[in-house]
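Down below is the structure, laid out as structure tokens.
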Amino acid sequence: MSDTNVKRKQLTRVATTRPVEFSRIRNLRAFEEIADQIRKELSDRRLRAGDRLPPERVLAEQFGVSRNTLREALRSLEYAGLLRLQKGATGGAFVRESTGDAIITGLRDMFHLGAIQPEHLTEARVMIEASAVRAACERATSEDIAALNANIASAAKAARENVDFYDQAAIHLDFHRVIARATKNPVMVIVMEALIDVMQHFIRAIGQKRNPWVLPSRRRFMKHFEAGDSDGAVKEMEQHLERLNRHYLSLVKEKDRAEAAGE
């Protein structure tokens, strides 16, 4: 069998051992009912990551709707991060692997719409990081500790070489990703990624202003962390984030004053 045929066979895998059957739609908002039925199949594990849904023609007949209505439902599930729509001869609607993209995008949209204020963001970070640090203190491997120390070394090198401000900020934020991974909890990893994504947008919105206390705090944190002192590590992280919050809020006020003055 050629490589092309093998690839086509892999891409067109359908859940043959878990038959999927859909009911005709009678709701005026048909695309929502279609999406709900597909979600139910995912919930019941009759559809799983990597499976391809039946062709559009077949689905439209099963649901008793037009292809346009069906496509609207499939697109809504794609936006929600549940499906991947692929064009071409080997295309179709595929169930995606779980990535948490929908959570990240949703939180980012809330921030841009003003539903999340800077103080909300930092308060949530303090609460979530406290739990993450405690779990990571108990579960971190030698590789996790090495990754945290490597991050601090990279941040120190970037500071010495006066690397772009936003690149330095990205290194500092990555420290928190490593902590989340050290918890060995995928939910914590996704939630942390969502918070970091919003923080990146927030930092770019308020502009550049370096602070000198991050690296000293990181080193104090690691002394507690490597010793398994969760209380000390949590306290250091909380103090750092609260100080950072005051710093960010002062920048927001400066920016607001400048904009009000027409600068």
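A quick note: this is a predicted structure, and the numbers were derived from the prediction, not measured. Side chains are part of it too, since the values below use all heavy atoms of this structure and drop only hydrogens, waters and symmetry mates.
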Examine distances only and state if a side-chain atom of E129 and a backbone atom of E238 form a donor-acceptor pair shorter than 3.5 Å.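 Checked: no pair found.
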
Is D164 reaching over with its side chain to a backbone N or O of Y166, donor-acceptor style, under 3.5 angstrom? yes

If you look at every heavy atom in I104 and I190, which pair is closest and at what distance?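 Looking at all heavy atoms of both residues, the shortest contact is CG1-O, 4.4 Å.
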
side-chain contact (heavy atoms from CB on, under 4.5 Å) with E123: which residues, sequence neighbours excluded?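 Expected list: M127.
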
Could you check whether any side-chain heavy atom of [X] comes within less than 4.5 Å of a side-chain heavy atom of [Y], counting everything from C-beta outward?
{"X": "H201", "Y": "R204", "value": "no"}
{"X": "L53", "Y": "V95", "value": "yes"}
{"X": "R218", "Y": "E236", "value": "no"}
{"X": "I179", "Y": "V133", "value": "yes"}

Check whether more than 12 heavy atoms from other residues, nucleotides or ligands sit under 6.0 Å from atom NZ of K235, and answer yes or no.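 Open: at most 12 neighbouring heavy atoms sit under 6.0 Å from NZ of K235.
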
Go through H176 and R125 one step at a time and tell me if the side-chain hydrogen bond (donor to acceptor under 3.5 Å, both in side chains) criterion holds. CA-CA 10 Å; H176 303 281; R125 286 188 74 195; 3.2 Å; yes

Checking side-chain hydrogen bond (donor to acceptor under 3.5 Å, both in side chains) for the pair S154/N151: CA distance, chi angles, key distance, verdict? CA-CA 5 Å; S154 295; N151 176 275; over 6 Å; no

Identify, with sequence neighbours excluded, every residue that meets ring pair (Phe, Tyr, Trp, His ring centres under 6.0 Å) alongside F221.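 Partners of F221 under the ring pair (Phe, Tyr, Trp, His ring centres under 6.0 Å) test: F175, F225.
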
